[in-house]
Amino acid sequence: MTAPHHPGHTPAGILLHLAGPLQSWGTHSAYNQRDTARFPTRSGIIGLLAASLGRRRGEPLDDLARLSLTTRTDRPGVLLRDLHTVGGGLPAKGTVTTAEGKKRPQAQATLLSHRSYLADAAFTAALTSNDTALLHECTEALRHPFWPPYLGRRSCPPEGPLLIGLLPDPLHHLVRLPLARAGTPRTPATEGNPPGRQTPGNPVPVDFHSDAPLHHLPIPHADSDPNHLDGSTPVGEVTDDPLDLSPRRRTYRARPVYRRTVHLPDTPHGGLGTAYLTALHTYLNSTNSELQGGAA
């Protein structure tokens with residue numbers, strides 16, 4: 001059961017940067033058909049945390065299941081479909097073993113598998129909870145993971161940095177952190193316009209997905225997309241809330257999906273590669289200064 005978001009209540013949380021050449025967040029995968037959602041799933045993120053913590057498949061997930069997940073789509077990526085073949089061209093003794101322990105006949109030796117990925121996608125995710133001890137434990141595990149974390153599948157390692165940090169009021173930062181996408185063109189120096197200032201241009205719509213209502217998302221000076229809802233009611237369900245990740249007893253339950261699309265004119269485009277890392281570093285340094293000033 002996820003922890004709900006309450007108006008005026010701002011639990012602490014972990015911010016993650018989820019980016020890499022490939023990601024895959026399955027929701028309806030079965031046998032040789034492996035799909036991907038267009039945003040990170042609860043099962044994928046909880047599995048990432050469990051791997052970092054060193055939990056083996058089948059160990060309890062009750063504490064991790066109480067974390068609430070909200071994601072921001074920085075770059076939606078491109079849907080990529082890959083075709084895999086297994087067992088073709090091998091002698092009978094080398095073909096795929098069946099459930100009965102036998103070998104597949106030569107005429108049926110080749111298995112086809114269709115697998116979907118998101119290529120060049122990037123997301124910023126907030127994991128929130130009132131359990132500060134759990135948040136600190138997960139943060140330390142993400143800094144020094146027991147097993148390598150991955151973005152939905154083992155073949156999809158994340159690019160750094162995965163962990164942005166553990167911050168108070170993470171949803172406040174989720175809508176203000178630089179977007180991991182190419183920046184807008186910069187203007188030349190003119191009267192009343194300092195050099196290097198970004199041109200306003202047309203605001204780009206940004207999607208948020210969550211397991212909790214999004215109409216209380218603290219978005220300043222943003223316009224909701226008139227073609228979308230305000231995130232107060234679910235747009236559907238997805239069966240990605242894990243109850244058991246044991247290899248032979250994987251079970252999930254359905255949970256509501258909330259979506260909100262807004263324009264973020266005040267949120268800078270951090271660029272790609274080192275440009276994004278520089279923008280992220282600048283933002284975090286500014287945030288730390290504000291927090292220290294507030295504490296003083």
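The structure presented is a predicted model; accordingly, all values stated were derived computationally and were not measured.
The list of salt bridge (charged side-chain N to carboxylate O under 4.0 Å, His left out) pairs with a residue in residues 43-55, not counting sequence neighbours, reads Arg55-Asp63. Applying the ring pair (Phe, Tyr, Trp, His ring centres under 6.0 Å) test to residues at least two apart or on different chains, none of the pairs has a partner in residues 230-251.
The two residues Thr267 and Arg72 come nearest to each other via the heavy atoms CG2-NH1, 4.0 Å. What you find for Leu69 and Pro40 is that their closest heavy atoms are CD2-O, 4.1 Å. Residue Pro11 comes nearest to Pro170 through the heavy atom pair O-CD, 3.0 Å, listed as atom of the first residue, atom of the second, then distance. The shortest non-hydrogen separation linking Pro148 to Ala51 is O-CB, 4.4 Å. Between Ser24 and Cys156 the shortest heavy-atom distance is N-SG, 4.3 Å. Taking each heavy atom of Pro76 and Ala121 in turn, the nearest pair found is O-CB, 3.7 Å.
Val238 and Leu79 fall within a single hydrophobic cluster, where Ile, Leu, Val, Met, Phe, Trp and Tyr are joined by side-chain heavy atoms under 4.5 Å apart, directly or via other members. Under the 4.5 Å side-chain heavy-atom criterion for grouping Ile, Leu, Val, Met, Phe, Trp and Tyr, Trp147 is not connected to Leu49 through any hydrophobic cluster. No path of Ile, Leu, Val, Met, Phe, Trp and Tyr side chains, each step under 4.5 Å between heavy atoms, connects Leu22 with Tyr150, placing them in separate hydrophobic clusters. Under a hydrophobic-cluster definition in which Ile, Leu, Val, Met, Phe, Trp and Tyr are linked whenever side-chain heavy atoms come within less than 4.5 Å, directly or via other members, Leu217 and Val262 are assigned to the same cluster. In terms of hydrophobic clustering, with Ile, Leu, Val, Met, Phe, Trp and Tyr side chains grouped at heavy-atom distances under 4.5 Å, Val257 and Trp25 are assigned to a common cluster.
In this structure the side chain of Leu142 never reaches within 4.5 angstrom of the side chain of Thr139, judged on heavy atoms. When side chains are defined from C-beta on, Cys138 does not count as touching Leu127, because their heavy atoms never get closer than 4.5 Å. Within the 4.5 Å cutoff, no side-chain heavy atoms of Arg38 are placed close to those of Thr73. Residues Asp74 and Leu18 have side chains not in contact (no heavy-atom distance under 4.5 Å, counting atoms from C-beta outward). The closest side-chain heavy-atom distance from Pro145 to Leu48 is not below 4.5 Å. The closest side-chain heavy-atom distance from Thr70 to Leu214 is below 4.5 Å. Within the 4.5 Å cutoff, no side-chain heavy atoms of Leu118 are placed close to those of Leu80. Looking at Tyr117 and Ser155, their side chains come closer than 4.5 Å, going by heavy atoms from C-beta outward.
Side-chain contact of Asp131 with Ser129: a donor-acceptor pair under 3.5 Å is absent, judged by distance alone.
Summarising the geometry, atom OG1 belonging to Thr132 is positioned 11.5 Å from atom CD belonging to Glu137; distances are rounded to the nearest 0.5 Å. Separating the CG atom in Leu162 from the CG atom in Leu15 is a distance of 11.5 Å, to the nearest 0.5 Å. Note that CG of Leu167 and NE2 of His172 are 9.5 Å apart. Values are rounded to the nearest 0.5 Å. In this structure, CD1 in Ile219 is found 8.5 Å from CG in Leu174, a value given to the nearest 0.5 Å. One finds the OG atom of Ser232 at 9.0 Å from the CZ atom of Arg260 (value rounded to the nearest 0.5 Å). Atom CZ of Arg81 sits about 12.5 Å away from atom CZ of Arg115, to the nearest 0.5 Å.
Tyr283 and His173 have perpendicular rings, their planes meeting at more than 60° on a 0 to 90° scale where under 30° would count as parallel.
Distance alone, capped at 3.5 Å, places no donor-acceptor pair between the Ser286 side chain and the Thr282 backbone. Side-chain atoms of His269 come within 3.5 Å of backbone atoms of Ala182 as a donor-acceptor pair (strictly under, hydrogens ignored). Here the side chain of Arg75 pairs a donor or acceptor atom with the backbone of Asp120 at under 3.5 angstrom.
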| message | Run the side-chain contact (heavy atoms from CB on, under 4.5 Å) test on Leu280 and His17 for me, step by step, so that the C-alpha distance in whole Å, both residues' side-chain angles and the decisive distance to 0.1 Å come before the verdict. | response | CA-CA 10 Å; Leu280 182 62; His17 173 61; 5.5 Å; no
| message | Applying side-chain contact (heavy atoms from CB on, under 4.5 Å) to Ile164 and Leu16, what does each step give before you reach the verdict? | response | CA-CA 5 Å; Ile164 296 175; Leu16 301 176; 5.9 Å; no
| query | Step by step, would you call Val175 with Val206 a side-chain contact (heavy atoms from CB on, under 4.5 Å)? | reply | CA-CA 10 Å; Val175 300; Val206 178; over 6 Å; no
| request: Check step by step if side-chain contact (heavy atoms from CB on, under 4.5 Å) holds for His136 and Leu166. | output: CA-CA 8 Å; His136 282 282; Leu166 172 59; 3.5 Å; yes
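By the 6.0 Å contact criterion, NE2 on His281 is open, its count of non-hydrogen atoms from other residues, nucleotides or ligands being 12 or less.
We find that Arg42 and Asp241 are joined by a salt bridge, their nearest charged nitrogen and carboxylate oxygen being less than 4.0 Å apart.
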